[in-house]
Amino acid sequence: MTDSILVLNCGSSSIKYLMVAMPAATHLARGVIERIGSDQGSWRHADGDGDHIEARHIPDHRSGVEMMLARLGGPAQPAGSTAIAGVGHRVVHGGGKSTAPLLVSDAVLADLDELAVLAPLHNPASIAGIRATRDLLPAVPQVACFDTSFHATLPARAYVYGLPYELYEQRGIRRYGFHGISHEYVAQRCAELAGRDPDDLNAITCHLGNGCSITAIARGQSIDTSMGFTPLEGLMMGTRSGDIDPAIVLHLAGPTGLGSVEEVGELLQEHSGLLGLSGVSNDVRDILAAAGAGQERAALAVDVFAYRIKKYIGAYWAVLPSVDALVFTGGIGAASAAVRRLILDGLDQSLGVVYDDERNSAASGQVEMEIGGAGSTARVFVIPTDEELAIARITHRLVKPAATSAEDGFKLH
């Protein structure tokens with residue numbers, strides 16, 4: 001029997017969606033609604049009938065969900081297939097309670113409302129999407145898939161900060177980690193490509209996009225990851241600073257600084273990283289072009305970006321019992337041969353990691369490819385992530401637990 005699973009990934013001003021026929025994972029429709037709340041709103045939708053592109057005002061997430069469902073054909077016969085069996089939602093922050101995907105209930109929604117303060121750019125939008133689909137499809141089960149769930153296996157030595165322990169006990173201040181859906185997906189694909197049991201894989205996975213994180217995986221489980229209490233910690237990103245001396249925040253928010261704590265927070269979240277350092281863009285393609293044209297700040301931004309990733313790879317290499325594979329994914333990690341080259345250059349001397357430059361140049365971001373060279377101490381892969389497919393599989397498994405399918409061997413938390 002075929003079931004349609006709808007996947008929603010709601011951002012602060014956008015909705016990405018995918019309709020998949022399960023268990024074959026056949027794509028029925030996908031689209032993106034952008035600039036919600038703006039007069040310059042846009043909607044792109046693709047299905048078996050072709051592409052639909054429309055400019056229109058979309059006042060809020062509920063309105064976006066309503067027009068998306070109407071286009072899909074409503075709850076009865078979406079995209080010409082069977083009725084929607086379940087809706088899977090990407091939720092960035094699950095906190096300490098939500099260590100696995102959950103069927104959404106009123107109690108789960110209440111917990112998510114409390115967590116909104118920890119991911120103010122992400123969780124409120126996800127909650128809006130969940131509420132809209134619950135109202136519009138009241139008989140359809142909803143599943144919350146958390147970016148933090150994969151990192152529930154972090155040991156205390158990796159998630160506890162050097163702060164008074166009471167802050168962890170009473171306020172839940174600890175490392176949670178993010179991008180978990182992506183890290184787990186590419187780790188399992190890596191195991192399949194390498195012919196290994198996913199539960200026996202030791203790997204370092206690098207999710208590099210506008211948001212960036214890196215994870216150390218031992219025997220299939222996350223044991224350390226670069227993002228922390230929020231997605232601001234860790235690698236330098238498109239507009240986020242990543243790791244900095246916390247005293248910088250105190251200095252900038254002080255009487256001789258730039259402004260309030262809120263203003264400094266906005267600076268670190270939206271005006272730092274590749275954008276702030278280069279002065280050009282948060283898009284690495286623009287920065288690489290500017291660097292090639294001789295702009296020194298652009299060259300410095302790319303150099304800092306790659307250097308920090310290289311440092312994290314070295315650190316995670318040291319805490320893993322061994323490393324079977326190094327994996328690159330995300331909009332930059334899977335698509336930018338130039339950035340991968342900057343990261344990999346020199347790792348043959350320090351870690352014995354060898355890459356094939358011809359294969360690296362050929363890896364465009366659309367196809368899974370092994371780019372490691374002869375004699376490398378670890379295999380090196382480029383694996384485009386597919387978080388929507390991962391969420392579809394999780395959702396189908398929770399709403400159709402008795403179903404047998406081709407996905408049964410694909411374990412996701």
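In this text, all values refer to a predicted model and were calculated from it rather than measured experimentally.
In this view, Tyr316 and Tyr312 satisfy the ring-ring contact (aromatic ring centres under 6.0 Å, His included) rule, not counting sequence neighbours. Partners of Phe229 under the ring-ring contact (aromatic ring centres under 6.0 Å, His included) rule, at least two apart in sequence or in another chain, do not exist in this structure. Residues satisfying the ring-ring contact (aromatic ring centres under 6.0 Å, His included) test with Phe146, not counting sequence neighbours, are none. Here Arg62 pairs with Glu66, Asp135 under the side chain to side chain donor-acceptor pair (under 3.5 Å) rule; sequence neighbours left out. Every side chain to side chain donor-acceptor pair (under 3.5 Å) that Thr385 has, sequence neighbours left out, goes to Ser182. By the ring-ring contact (aromatic ring centres under 6.0 Å, His included) test, Tyr176 is found to be paired with His93, residues two or more places apart in sequence or in another chain being considered.
Between Ser272 and Leu267 the shortest side-chain heavy-atom distance falls below 4.5 Å. Contact of the Val399 side chain with the Leu103 side chain is registered, since non-hydrogen atoms from C-beta on lie closer than 4.5 Å. Counting heavy atoms from C-beta outward, Val92 and Phe178 have side chains that approach closer than 4.5 Å. Put simply, the side chain of Leu268 reaches to within 4.5 Å of the side chain of Leu232, judged on heavy atoms. Within the 4.5 Å cutoff, the side chain of Arg56 has heavy atoms near those of the Ile58 side chain. Considering only heavy atoms from C-beta on, Trp317 stays 4.5 Å or farther from Leu347 through its side chain. A 4.5 Å side-chain heavy-atom check between Cys206 and Ile313 finds at least one atom pair inside the cut-off.
Considering CD1 of Ile391 and CD of Glu387, their distance stands at 6.5 Å, rounded to 0.5 Å.
For Ile33 against Gly64, the heavy-atom pair with the smallest separation is CD1-O, 3.4 Å. The minimum heavy-atom distance between Ala390 and Ile181, with the atom names listed, is CB-CG2, 3.8 Å. Shown here for Ala85 and Ile5, the closest heavy-atom pair between the two residues is CB-CD1, 4.1 Å. The two atoms that bring Leu72 and Ala29 nearest to each other are CD2-CB, 3.7 Å, heavy atoms only. Summarising the geometry of Thr329 relative to Pro384, their closest heavy-atom pair is OG1-C, 3.6 Å, with the distance given to 0.1 Å. Between Cys212 and Leu235, the closest heavy-atom pair is CB-CD1, 3.9 Å.
Sorted by first then second residue, the salt bridge (Lys or Arg N to Asp or Glu O under 4.0 Å) pairs that include residues 213-227, not counting sequence neighbours, are Asp200-Arg219. Under the salt bridge (Lys or Arg N to Asp or Glu O under 4.0 Å) criterion, no residue pair touches residues 255-268, with sequence neighbours excluded. Judged as a side chain to side chain donor-acceptor pair (under 3.5 Å), the pairs with a partner in residues 7-25 (not counting sequence neighbours) are, in order, Tyr17-Trp43, Tyr17-His45. Screening residues 302-320 for salt bridge (Lys or Arg N to Asp or Glu O under 4.0 Å) gives no qualifying pairs among residues at least two apart or on separate chains. Contacts classified as salt bridge (Lys or Arg N to Asp or Glu O under 4.0 Å) and involving residues 285-297 (residues at least two apart or in different chains) are given here: Asp283-Arg285. Applying the side chain to side chain donor-acceptor pair (under 3.5 Å) test to every pair with at least one member in residues 360-382, sequence neighbours left out, gives these pairs: Arg189-Glu368, Arg340-Asn360, Arg341-Ser361, Glu370-Arg379.
Remark: the Asn123 side chain and the Ser126 side chain contain no N/O donor-acceptor pair separated by less than 3.5 Å. No side-chain donor from either of Thr225 and His183 sits under 3.5 Å from a side-chain acceptor of the other. Between the side chains of Thr133 and His89, at least one donor N or O lies within less than 3.5 Å of an accepting N or O. With 3.5 Å as the limit, one finds no donor-acceptor pair spanning the side chains of Asn282 and Thr239.
The pair Arg44-Glu54 does not count as a salt bridge, with every side-chain nitrogen at least 4.0 angstrom from each carboxylate oxygen. The residues Arg90 and Glu388 are annotated as not salt-bridged, no charged nitrogen and carboxylate oxygen being separated by less than 4.0 angstrom.
At most 12 non-hydrogen atoms from other residues, nucleotides or ligands lie less than 6.0 angstrom from OH of Tyr307.
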